[in-house]
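Comments concern the structure below.
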Amino acid sequence: MGTDNSISRRSFIGAAPAAAAAATMAALAGCAPTSKEESLASTDPTSWDEEADLVIIGCGGCGSSAAISAAENGASVIVLEAATTMGGSAVLCAGSFVAAGTKMQADAGITDDPNLYLSDVKGFLGDATIERAGDDWKLFEMQAREGAATVDWLQAMGVEFNGPLPYPLHSADRLHVLTPTAGEWPKALQPRMEELGV
């Protein structure tokens, strides 16, 4: 905690979704009992004296992405996870990303960007719905801006996607689906977490 690690909020949030998966895997790697006789109760620490710049609770998609992002920016990171494996609800979902301006789209000759994405969504939701959404719409705008970077970041770490595929009511093919299932991403992110010392 004595070192000054300057992590901007923008750089942290920009990479957070992808980085969440890796933090969980590394944190859990050292949690397995060393022998069959050891129970979970016998491995619980009686005291805790570890320090880190950042302690993350939960090693799902967000927690592991945040951990990797923070560690890549020089922070020491500890991730705490209640489950026996990393992943959280991010391994149980459909595993699809709607993102505009990804490398996959460019490789497929698709011209797309966050403004077009937001325009499509505004067109089918309507102003009244967006107004009712309030701050949730601001979160959606952030997802529209950062989605492509997140997909590209995950892909660079070895997470595989199918697509881009058509998505109902959208003017461009921007659906990116984890393959073969949503449960595969931890296998790609855990090694990065371990490499970073999370």
Side-chain angles (χ1 to χ4, degrees), residues 1-35 38-93 95 97 99 102-103 135 138-139 141-161 176 178 181-198:
M1 290 193 154
T3 59
D4 178 22
N5 296 306
S6 52
I7 302 172
S8 74
R9 185 172 183 207
R10 184 182 233 359
S11 65
F12 182 82
I13 291 174
T24 306
M25 298 297 261
L28 296 173
C31 293
T34 55
S35 71
E38 273 188 68
S39 69
L40 288 175
S42 68
T43 60
D44 285 346
T46 55
S47 65
W48 181 262
D49 60 1
E50 298 292 323
E51 283 190 8
D53 298 317
L54 181 65
V55 176
I56 296 171
I57 309 299
C59 201
C62 292
S64 55
S65 297
I68 290 175
S69 181
E72 286 179 337
N73 283 280
S76 59
V77 182
I78 293 172
V79 178
L80 305 175
E81 172 58 53
T84 57
T85 59
M86 72 178 277
S89 60
V91 297
L92 304 174
C93 66
F97 285 73
T102 65
K103 184 179 182 308
D135 287 342
K138 292 177 185 173
L139 289 173
E141 288 177 321
M142 183 178 77
Q143 183 275 327
R145 287 190 310 270
E146 303 295 341
T150 300
V151 169
D152 294 347
W153 184 78
L154 286 167
Q155 228 185 348
M157 284 198 298
V159 177
E160 296 183 20
F161 290 90
H176 304 72
L178 290 165
T181 70
E184 295 297 305
W185 64 263
K187 295 176 186 175
L189 296 184
Q190 181 178 4
R192 181 61 178 151
M193 289 174 64
E194 292 172 352
E195 178 187 341
L196 291 166
V198 173

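Numbers here simply count residues along the sequence, with the first being 1.
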Closest heavy-atom pair and its distance - [X], [Y]:
{"X": "A188", "Y": "G158", "answer": "CB-C, 3.7 Å"}
{"X": "A182", "Y": "C93", "answer": "CB-O, 3.2 Å"}
{"X": "I78", "Y": "E50", "answer": "CD1-CB, 3.8 Å"}
{"X": "D53", "Y": "A75", "answer": "OD2-CA, 3.4 Å"}
{"X": "A52", "Y": "S76", "answer": "CA-OG, 3.3 Å"}

Got a second to check how far [X]'s [atom1] is from [Y]'s [atom2], nearest 0.5 Å?
{"X": "L196", "Y": "S69", "atom1": "CG", "atom2": "OG", "answer": "10.0 Å"}
{"X": "E146", "Y": "E141", "atom1": "CD", "atom2": "CD", "answer": "12.0 Å"}
{"X": "M157", "Y": "Q190", "atom1": "CE", "atom2": "CD", "answer": "12.5 Å"}
{"X": "T181", "Y": "L92", "atom1": "OG1", "atom2": "CG", "answer": "10.0 Å"}

* To do: Applying salt bridge (Lys or Arg N to Asp or Glu O under 4.0 Å), name anything that partners D135, two or more places apart in sequence or on another chain.
  => K138
* Asked: Residues in salt bridge (Lys or Arg N to Asp or Glu O under 4.0 Å) with E184, at least two apart?
  ->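 Scan of E184 (salt bridge (Lys or Arg N to Asp or Glu O under 4.0 Å), adjacent residues dropped) gives K187.
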* Asked: Between V198 and I68, does a side chain to side chain contact (heavy atoms under 4.5 Å, CB included) hold up when you go through it step by step?
  -> CA-CA 8 Å; V198 173; I68 290 175; 5.6 Å; no
* To do: Return the set of residues passing side chain to side chain contact (heavy atoms under 4.5 Å, CB included) with A99 (not counting sequence neighbours), or none when no residue passes.
  =>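 For A99, the residues satisfying side chain to side chain contact (heavy atoms under 4.5 Å, CB included) (neighbours in sequence not counted) are T102, V151, H176.
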* **L178 and V159: CA distance, side-chain angles, deciding distance, side chain to side chain contact (heavy atoms under 4.5 Å, CB included) verdict** => CA-CA 7 Å; L178 290 165; V159 177; 3.2 Å; yes
* **side-chain hydrogen bond (donor to acceptor under 3.5 Å, both in side chains) against Q155, all qualifying residues, sequence neighbours excluded** =>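 Expected list: none.
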* Counterpart residues, side-chain hydrogen bond (donor to acceptor under 3.5 Å, both in side chains), relative to E160 (two or more places apart) ->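 Testing E160 for side-chain hydrogen bond (donor to acceptor under 3.5 Å, both in side chains), a comparison that skips the adjacent residues, returns none.
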* **V55 and L80: CA distance, side-chain angles, deciding distance, side chain to side chain contact (heavy atoms under 4.5 Å, CB included) verdict** => CA-CA 7 Å; V55 176; L80 305 175; 4.0 Å; yes
* Any chance you could lay out the side chain to side chain contact (heavy atoms under 4.5 Å, CB included) test for V77 and I56, step after step, and finish with the verdict? => CA-CA 8 Å; V77 182; I56 296 171; 4.0 Å; yes
